[in-house]
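So you know, we letter chains A, B, ... as the sequences are listed, proteins then strands, and number each from 1.
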2 protein chains.
Amino acid sequence: MAVSKRGAEAKSDPVHFNARIEGIDYDVLDDLVGYAVRRAQLSIYEDFAATLAAEDITPQRFSSLVIIENNPGISQTKLAEVMGIARSGVVSIIDRFEKGGLVERHASDDRRSYSLHLTRDGKRQLKRYKKTVLDHDHRIAQALSGAEKKLLRDLLKKLCPLPGA
Amino acid sequence: MAVSKRGAEAKSDPVHFNARIEGIDYDVLDDLVGYAVRRAQLSIYEDFAATLAAEDITPQRFSSLVIIENNPGISQTKLAEVMGIARSGVVSIIDRFEKGGLVERHASDDRRSYSLHLTRDGKRQLKRYKKTVLDHDHRIAQALSGAEKKLLRDLLKKLCPLPGA
DNA sequence: TATTGTTATACTCTATAACTATA
DNA sequence: TATAGTTATAGAGTATAACAATA
């Protein structure tokens with residue numbers, strides 16, 4: 001069944017998500033919008049991870065960089081709100097970026113908070129990441145036409161509660 | 001800004017994901033199919049968790065129960081394959097179900113493996129969970145017509161690589 | 001009093017690798 | 001030799017709560 005390993009050591013099977021396994025009855029899962037989204041998300045995440053395995057980046061970190069680039073001077077608390085994570089989580093993300101020389105914490109008017117900015121190197125790197133992520137995004141959606149992609153994005157948007165709702 | 005707490009202790013802000021924050025420029029994230037899916041997934045997960053907070057269930061565990069119910073006698077390794085997680089992860093999931101009296105490990109022909117089955121109580125509980133999950137699923141997709149939901153599911157399906165691809 | 005960033009801590013999820021018993 | 005289940009362990013990720021500096 002499985003391909004033989006070269007050495008004598010028995011290793012664990014590589015973990016991989018298959019949205020549909022032959023012969024399995026998924027019952028109600030096939031009718032749930034939520035499960036369809038989850039299923040797609042797992043597939044997409046796997047391709048993202050494989051595509052950017054060499055880089056020290058994740059969907060989370062990529063999003064953070066994009067948000068900082070396009071909202072320069074944003075505070076850590078605001079970034080936490082945008083990402084939907086705790087403030088303490090942003091600390092480690094920014095620490096990592098700062099160590100990597102991608103992001104800088106600048107002083108701001110309110111001396112309690114930092115003003116986040118991409119460094120020149122951060123901008124350069126993000127440009128590269130963007131190219132790779134766009135490639136990845138085109139690949140995972142290659143079965144869809146441009147119109148279908150737009151339609152899909154619009155339908156998905158309707159699943160997210162509006163700010164005032 | 002924030003609502004005052006009653007006591008004197010300063011607590012952390014509750015973490016919550018808002019798909020779109022006023023005044024934030026999401027740049028390329030708005031064009032990515034992958035980010036649209038992720039965004040929806042976070043919103044949906046939050047509603048799922050809130051809806052089933054009282055029950056000891058997660059999307060992962062719910063899916064496992066459904067798969068076991070509709071594929072009685074399935075092995076742990078097969079279940080791991082279906083869920084896209086490591087075999088070791090299934091052990092703890094089934095341990096928990098077994099402790100809760102929802103699932104039983106039966107002996108199978110191949111004495112290395114177990115044959116998983118829902119108990120009577122497991123079936124009863126799952127019936128309840130299904131009702132709640134369906135409510136939740138209708139709620140998160142309430143902005144979509146039946147036809148739109150079907151369309152969305154079909155489009156999402158196209159994002160998942162086919163078994164042979 | 002409230003807020004920002006920070007730290008300490010804990011909990012969940014998950015993967016990897018090694019072990020055992022079977023095949 | 002290979003596979004099923006198990007265990008031990010480690011690494012992410014994330015939340016909560018408390019603290020110092022500042023508002």
Side-chain angles (χ1 to χ4, degrees), chain A residues 1-17 38 42 45-46 49 53 56-61 63-64 73-81 83-98 103-116, chain B residues 1-17 38 42 45-46 49 53 56-61 63-64 73-81 83-98 103-116:
Chain A
M1 223 32 124
V3 179
S4 290
K5 308 304 182 305
R6 243 155 286 161
E9 350 71 66
K11 299 285 178 57
S12 295
D13 295 330
V15 172
H16 159 67
F17 178 68
R38 179 180 154 78
L42 288 171
Y45 190 90
E46 202 166 281
D56 187 30
I57 201 81
T58 62
Q60 180 89 271
R61 284 178 217 142
S63 306
S64 301
I74 193 174
S75 72
Q76 294 188 185
T77 294
K78 190 74 181 174
L79 183 57
E81 187 192 352
M83 306 295 298
I85 62 176
R87 285 176 299 145
S88 59
V90 170
V91 175
S92 17
I93 292 175
I94 302 301
D95 279 354
R96 177 193 291 259
F97 286 150
E98 214 176 28
V103 170
E104 276 173 359
R105 289 171 160 110
H106 292 174
S108 79
D109 274 357
D110 184 334
R111 280 155 62 207
R112 287 173 303 183
S113 71
Y114 289 124
S115 157
L116 301 175
Chain B
M1 233 17 134
V3 178
S4 289
K5 306 305 182 302
R6 241 156 286 158
E9 350 69 68
K11 299 285 176 55
S12 296
D13 295 331
V15 172
H16 158 69
F17 177 67
R38 178 180 157 75
L42 288 171
Y45 189 90
E46 202 166 281
D56 188 31
I57 201 82
T58 61
Q60 180 90 271
R61 284 177 217 144
S63 306
S64 301
I74 192 174
S75 72
Q76 295 188 184
T77 294
K78 191 73 180 176
L79 183 57
E81 189 192 352
M83 307 294 300
I85 61 176
R87 285 176 299 142
S88 59
V90 170
V91 175
S92 16
I93 291 176
I94 302 301
D95 280 352
R96 174 191 294 257
F97 286 150
E98 216 177 28
V103 170
E104 277 173 359
R105 288 171 160 109
H106 293 175
S108 78
D109 274 356
D110 185 334
R111 281 157 59 208
R112 287 172 302 183
S113 71
Y114 289 123
S115 158
L116 301 176

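In terms of the side chain to side chain donor-acceptor pair (under 3.5 Å) criterion, residue partners of B:S108 (sequence neighbours excluded) are, by chain and number, B:S113. By the side chain to side chain donor-acceptor pair (under 3.5 Å) test, B:D56 pairs with B:R61, B:R96, sequence neighbours left out. Checked against salt bridge (charged side-chain N to carboxylate O under 4.0 Å, His left out), B:E81 has the following partners two or more places apart in sequence or in another chain: B:K78. Partners of A:E104 by side chain to side chain contact (heavy atoms under 4.5 Å, CB included), not counting sequence neighbours, listed by chain and number: A:H106, A:T119. When the side chain to side chain donor-acceptor pair (under 3.5 Å) test is applied to B:R105, the partners found at least two apart in sequence or on another chain are B:Q76, B:D95, B:E98. A:T77 is linked by a side chain to side chain contact (heavy atoms under 4.5 Å, CB included) to A:S75, A:R87, counting only residues two or more places apart in sequence or in another chain. Looking at residues two or more places apart in sequence or on another chain, you find a side chain to side chain contact (heavy atoms under 4.5 Å, CB included) between B:L42 and B:F17, B:R38.
Atoms CD (B:Q76) and C1' (D:dA4) sit 8 Å apart, rounded to a whole Å. Atom pair B:L79:CG and D:dT6:C1' shows a separation of 16 Å (rounding to whole Å applied). Atom CD1 of A:I74 and atom C1' of C:dG5 are 15 Å apart (whole Å). One can place CG of A:L116 at 11 Å from C1' of C:dG5, the figure rounded to the nearest angstrom. To the nearest angstrom, P of C:dA8 lies 12 Å from CG of A:D95. A:I94 has its CD1 atom 17 Å from the C1' atom of C:dT7, to the nearest Å.
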Could you write out each protein N or O paired with an N or O of nucleotides 13-15 of chain D at a distance under 3.5 Å?
unit_1: D:dG13; atom_1: OP2; unit_2: A:R61; atom_2: NH2; d: 3.2
unit_1: D:dT14; atom_1: OP1; unit_2: A:Q60; atom_2: NE2; d: 2.8
unit_1: D:dT14; atom_1: OP2; unit_2: A:Q60; atom_2: NE2; d: 2.9
unit_1: D:dA15; atom_1: OP2; unit_2: A:A86; atom_2: N; d: 2.8

Tabulated below should be each protein N or O lying under 3.5 Å from an N or O of nucleotides 21-23 of chain C; please produce it.
unit_1: C:dA23; atom_1: OP1; unit_2: B:R111; atom_2: N; d: 3.0

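In this structure, A:M83 and A:V90 have side chains that are not in contact, with every pair of non-hydrogen atoms separated by 4.5 Å or more.
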